[in-house]
Amino acid sequence: MKLKLIMGLIGVLSFSSFSTLPSSDDTDKKPQESWVIGPFLRPEGVNPVLVPQPASFHCPMRKEQVKWEESDVFNPAATVKDGKIVVLYRAEDNSAQGIGKRTSRIGYAESADGVTMKRLDSPVLFPGGDEFESIECPGGCEDPRVAMTEDGLYVMLYTAWNRKTPRLAVATSKDLKNWTKHGLAFEKAYDGRFARIATKSASILTKVKGGKLVIDKVDGKYFMYWGEYAVHAATSDNLTDWYPVLDENNELLKIAKPRNGYFDSQMTECGPPAIRTKQGIVLMYNGKNDKKRGDVNYPAGAYCAGQLLLDSKDPYKVLGRLDKPFFMPEAPFEKSGQYKDGTVFIEGLAYYKKKLYLYYGCADSKVAVAICDDIKGLLKVK
């Protein structure tokens, strides 16, 4: 399908792209299980792979040495560079108590086997000392997702948190250690219409090519899913300026929404980069179980992981959806920590040595990994 362009609604549309395709979420149809990526299995005796440590660096925001990851490490991105998996994780200092009240920074860890991590002493993305203080200070840089272009440019979409409004921001890098910030992802879209509202959790579309998981396009444009309380979409010509996809009423298109009575009854928060497979596009997401309207078979308030199958040619059309999570809190450290209702918050997906490594946050306190080595016949490997 071609991404449709509607003229005349907004003056900037001559250089933007947005679709009027309606939401296609159809939760009455049973998903075809053959499309599901998995199973993802926790390797024995290695998790969690990252825990807090007392490393310090000179913080440009506080203008002093700060133990930037002494409280919690969680919600990681993942990719591959120079034959190693790189995990970029959210770390919190001990500047306050309570979820969202500390400062978050992004740390760097690398691994030759996917489980044994060597990490840097200083964060690679952090708030303060630049032109983006108004969107990042004092809350910091949270919940990164990272994907790579075919020519080796790494793109990070993260949450800029000024403790007023959480918003998607973009940074790029060639080495995963030195990042260039580009500001808010939706800053230029539709005269800034979506630059001041809460936006989170962006999953760029990817595919496997040349033994790597690389960024893909739809009809010549970069494409991503995003959102917390519904799955939305956005397109881009340059990976830094993104345009949310709108429906026929000129509102954000809702591709999938929370479902009463299911594990995702409160949130359908996008997870790691979406991946194109032989049967369509698979989007993994984080479902939050509502305490009143949720699935009683899972803990109230828990985050469990789901999957959506979308049409490869029409990425707004839902073809399948799991009614039960494919991944859920099981280990003690996944059920106890900052978030005591239990969390396996998936954000990082790396294709490495013909396996998929899924990295996730455990109860907002630690980082763990699960591995899928049964991908034959599913992924489009070029």
Asker: Minimum heavy-atom separation for T79 and Y154, please, with both atom names.
Answerer: OG1-CE2, 3.5 Å
Asker: Between E228 and K288, does any NZ, NE, NH1 or NH2 come within less than 4.0 Å of an OD or OE carboxylate oxygen?
Answerer: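 So K288 does not pair with E228 through a salt bridge.
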Asker: Looking at D264 and R321, is any side-chain nitrogen of the basic one under 4.0 Å from a carboxylate oxygen of the acidic one?
Answerer: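 A salt bridge is present here (some side-chain N lies under 4.0 Å from a carboxylate O).
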Asker: Taking a hydrophobic cluster as the set of Ile, Leu, Val, Met, Phe, Trp and Tyr residues connected by side-chain heavy atoms closer than 4.5 Å, whether directly or through intermediates, do V115 and Y108 fall within one such cluster?
Answerer: no
Asker: Around atom NZ of K81, are there more than 12 heavy atoms of other residues, nucleotides or ligands at under 6.0 Å?
Answerer: yes
Asker: Is any side-chain heavy atom of I371 closer than 4.5 Å to a side-chain heavy atom of L356?
Answerer: no
Asker: So with a 6.0 Å cut-off around NZ of K174, is the heavy-atom count from everything else above 12?
Answerer: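 Counting other residues, nucleotides and ligands, NZ of K174 exceeds 12 neighbours.
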Asker: Which atom names give the shortest non-hydrogen contact between S173 and N178, and what distance separates them?
Answerer: OG-O, 2.8 Å
Asker: For the CG atom of L50 and the OH atom of Y359, what is their distance to the nearest 0.5 Å?
Answerer: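 These two atoms lie 9.0 Å from each other.
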Asker: Which of these passes side-chain hydrogen bond (donor to acceptor under 3.5 Å, both in side chains) with R90: D72, D364, D143, T159?
Answerer: D143
Asker: I'd like to know if the side chain of N286 reaches the main chain of I346, judged simply by a donor and an acceptor atom lying under 3.5 Å from each other, with no hydrogens or angles considered.
Answerer: yes
Asker: Taking the side chain as every heavy atom from C-beta outward, state whether Y222 and T235 have any pair of such atoms under 4.5 Å apart.
Answerer: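 No - every pair of side-chain heavy atoms lies 4.5 Å or more apart.
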Asker: Taking K188 first and then D241, would you say they form a salt bridge - that is, a charged N and a carboxylate O separated by under 4.0 Å?
Answerer: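 A salt bridge is present here (some side-chain N lies under 4.0 Å from a carboxylate O).
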Asker: Short question: side chain of K340, backbone of G337 - any donor-acceptor pair under 3.5 Å?
Answerer: yes
Asker: Compute whether any side-chain donor of one residue and acceptor of the other, for E69 and Q53, lie under 3.5 angstrom apart.
Answerer: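 A pair is found: one side chain offers a donor N or O, the other an acceptor, under 3.5 Å apart.
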Asker: Measure from NZ or CZ of K257 to the centre of the six-membered ring of Y229 and say whether it is under 6.0 Å with the direction within 45° of the ring axis.
Answerer: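 So K257 doesn't make the cation-pi contact.
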Asker: Before you tell me yes or no, could you show the steps for S201 and E269 under side chain to side chain donor-acceptor pair (under 3.5 Å), namely the whole-Å CA-CA distance, both residues' side-chain angles and the distance that decides it to 0.1 Å?
Answerer: CA-CA 7 Å; S201 309; E269 188 167 353; 2.6 Å; yes
Asker: Can we say K209 and E150 salt-bridge, meaning some charged N sits less than 4.0 Å from an Asp/Glu carboxylate O?
Answerer: yes
Asker: Enter the distance from K101:NZ to S95:OG here, rounded to the nearest 0.5 Å.
Answerer: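 Going from the NZ atom of K101 to the OG atom of S95 covers 11.5 Å.
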Asker: What are the two closest non-hydrogen atoms of C362 and F333, and how far apart are they?
Answerer: CB-O, 3.5 Å
Asker: Got a donor-acceptor contact below 3.5 angstrom from the R105 side chain to the V124 backbone?
Answerer: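 Flag not set: sc R105 to bb V124 has no pair under 3.5 Å.
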Asker: For a 4.5 angstrom cut-off between non-hydrogen side-chain atoms, does I204 reach W242?
Answerer: yes
Asker: Just so I know, are the side chains of L319 and K317 near enough to count as touching, which here means a heavy-atom distance under 4.5 Å?
Answerer: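 Yes. Closest side-chain heavy atoms under 4.5 Å.
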Asker: Y352 side chain to G83 main-chain N or O, any donor-acceptor pair under 3.5 Å?
Answerer: yes
Asker: Is a donor on one side and an acceptor on the other found under 3.5 Å between the side chain of S265 and the backbone of D290?
Answerer: yes
Asker: Does the side chain of Q338 reach to within under 4.5 Å of the side chain of F74, using non-hydrogen atoms?
Answerer: yes
Asker: Flag the pair Y339 / Y303 as yes when their ring centroid distance falls below 6.0 Å, and as no otherwise.
Answerer: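 Here the rings of Y303 and Y339 have centres that are less than 6.0 Å from each other.
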Asker: Do any side-chain atoms of residues 179-186 form donor-acceptor pairs under 3.5 angstrom with protein atoms, and if so which ones, sequence neighbours left out?
Answerer:
residue: W179; atom: NE1; partner: L176; partner atom: O; Å: 2.9
residue: K181; atom: NZ; partner: F126; partner atom: O; Å: 2.7
residue: K181; atom: NZ; partner: D130; partner atom: OD2; Å: 2.8
residue: K181; atom: NZ; partner: E136; partner atom: OE1; Å: 2.6
residue: H182; atom: NE2; partner: T172; partner atom: OG1; Å: 2.7

Asker: So, N47 side chain and V369 main chain: donor-acceptor pair closer than 3.5 Å or not?
Answerer: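 Checking the backbone N and O of V369 against the side chain of N47, a donor-acceptor pair under 3.5 Å is found.
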Asker: Given the rule in the side chain to side chain donor-acceptor pair (under 3.5 Å) test, do R167 and T199 qualify, once you have shown the distances and angles that lead to the verdict?
Answerer: CA-CA 5 Å; R167 288 171 288 180; T199 54; over 6 Å; no
Asker: Would you check if the side chain of S203 reaches a backbone N or O of A274 as a donor-acceptor pair within less than 3.5 Å?
Answerer: no
Asker: Determine, stepwise, if the pair D247 / N249 fulfils side chain to side chain donor-acceptor pair (under 3.5 Å).
Answerer: CA-CA 5 Å; D247 63 18; N249 296 316; 4.5 Å; no
Asker: Would you say the side chain of V155 lies within less than 4.5 Å of the side chain of V146, judging by non-hydrogen atoms?
Answerer: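 Heavy-atom side-chain distance check fails, nothing below 4.5 Å.
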Asker: Is there a side-chain contact between K177 and L120 (heavy atoms, below 4.5 Å)?
Answerer: yes
Asker: Establish whether W68 and V51 are linked, either directly or via other cluster members, by ILVMFWY side-chain heavy-atom contacts under 4.5 Å.
Answerer: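 They do not share one cluster, since no chain of ILVMFWY contacts under 4.5 Å joins W68 to V51.
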Asker: Of all heavy-atom pairs between A230 and K254, which one has the smallest distance, and what is that distance?
Answerer: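 Shortest heavy-atom contact: CB-CG, 4.0 Å.
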Asker: Apply side chain to side chain donor-acceptor pair (under 3.5 Å) to residues E334 and Y360 and explain how you reach the verdict.
Answerer: CA-CA 10 Å; E334 297 169 352; Y360 60 98; 2.6 Å; yes
Asker: Would you kindly confirm whether V49 and L349 end up in one hydrophobic cluster when ILVMFWY residues are joined by side chain heavy atoms under 4.5 Å apart?
Answerer: no
Asker: Hey, which of L309, D311, L310 is the one that makes side chain to side chain contact (heavy atoms under 4.5 Å, CB included) with V318?
Answerer: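 Considering L309, D311, L310, a side chain to side chain contact (heavy atoms under 4.5 Å, CB included) with V318 is found only for L310.
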Asker: What is the ring orientation for F263 with Y298, classed by angle as parallel under 30°, tilted 30 to 60°, or perpendicular over 60°?
Answerer: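 F263 vs Y298 ring planes: perpendicular.
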Asker: S365 side chain to A363 main-chain N or O, any donor-acceptor pair under 3.5 Å?
Answerer: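 Yes, because the side chain of S365 sits within donor-acceptor range (under 3.5 Å) of the backbone of A363.
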Asker: Nearest 0.5 Å, please: how far is OH in Y89 from OG in S104?
Answerer: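 Answer rounded to 0.5 Å: 12.5 Å.
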Asker: Can you measure from CD1 (I85) to NZ (K353) and round to the nearest 0.5 angstrom?
Answerer: 8.5 Å
Asker: Hey, what's the ring geometry for Y190 with F194, parallel, tilted or perpendicular (30° and 60° as the breaks)?
Answerer: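 Geometry flag for F194 against Y190: perpendicular rings.
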Asker: When rounded to the nearest 0.5 angstrom, what is the spacing between CD1 in I275 and CD1 in I281?
Answerer: 11.0 Å
Asker: Closer than 4.0 angstrom, basic N to acidic O: yes or no for D93 and K67?
Answerer: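 No, D93 and K67 are not salt-bridged.
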Asker: With no hydrogens and no angle check, is any side-chain donor or acceptor of T343 less than 3.5 Å from a backbone partner on F345?
Answerer: no
Asker: Would you say V170 ends up clustered with M156 if hydrophobic residues are merged whenever their side chains have heavy atoms under 4.5 Å apart, either directly or through other cluster members?
Answerer: no
Asker: Run the numbers on E142 and R102 for salt bridge (charged side-chain N to carboxylate O under 4.0 Å, His left out), then give the verdict.
Answerer: CA-CA 11 Å; E142 302 181 348; R102 298 167 177 155; over 6 Å; no
Asker: Between Y225 and P315 (side chain of the first, backbone of the second, donor and acceptor by atom type, cut-off under 3.5 Å), is there such a pair?
Answerer: yes
Asker: Once rounded to the nearest 0.5 Å, what's the spacing between atom SG of C304 and atom CG of L322?
Answerer: 12.0 Å
Asker: What is the minimum heavy-atom distance between A256 and L308, and which atoms define it?
Answerer: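 What the structure gives for the nearest pair is CB-CD1, 3.7 Å.
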Asker: Taking the side chain as everything from C-beta on, heavy atoms only, tell me whether T103 gets closer than 4.5 Å to E92.
Answerer: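 Side chain of T103 against side chain of E92, heavy atoms only: no contact under 4.5 Å found.
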Asker: Can you name the nearest heavy-atom pair linking M148 to L213, along with the distance?
Answerer: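 Closest approach of M148 to L213, heavy atoms only: CE-O, 3.8 Å.
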Asker: Fit a plane to each ring of H232 and W226, take the angle between them on a 0 to 90° scale, and name the class: parallel (under 30°), tilted (30 to 60°) or perpendicular (over 60°).
Answerer: tilted
Asker: Could you tell me if N94 and S71 have a donor-acceptor pair between their side chains, going purely by distance under 3.5 Å?
Answerer: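 Yes, N94 and S71 have a side-chain donor paired with an acceptor closer than 3.5 Å.
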Asker: Would you call D323 and R259 a salt bridge, taking side-chain N to carboxylate O under 4.0 Å as the test?
Answerer: yes
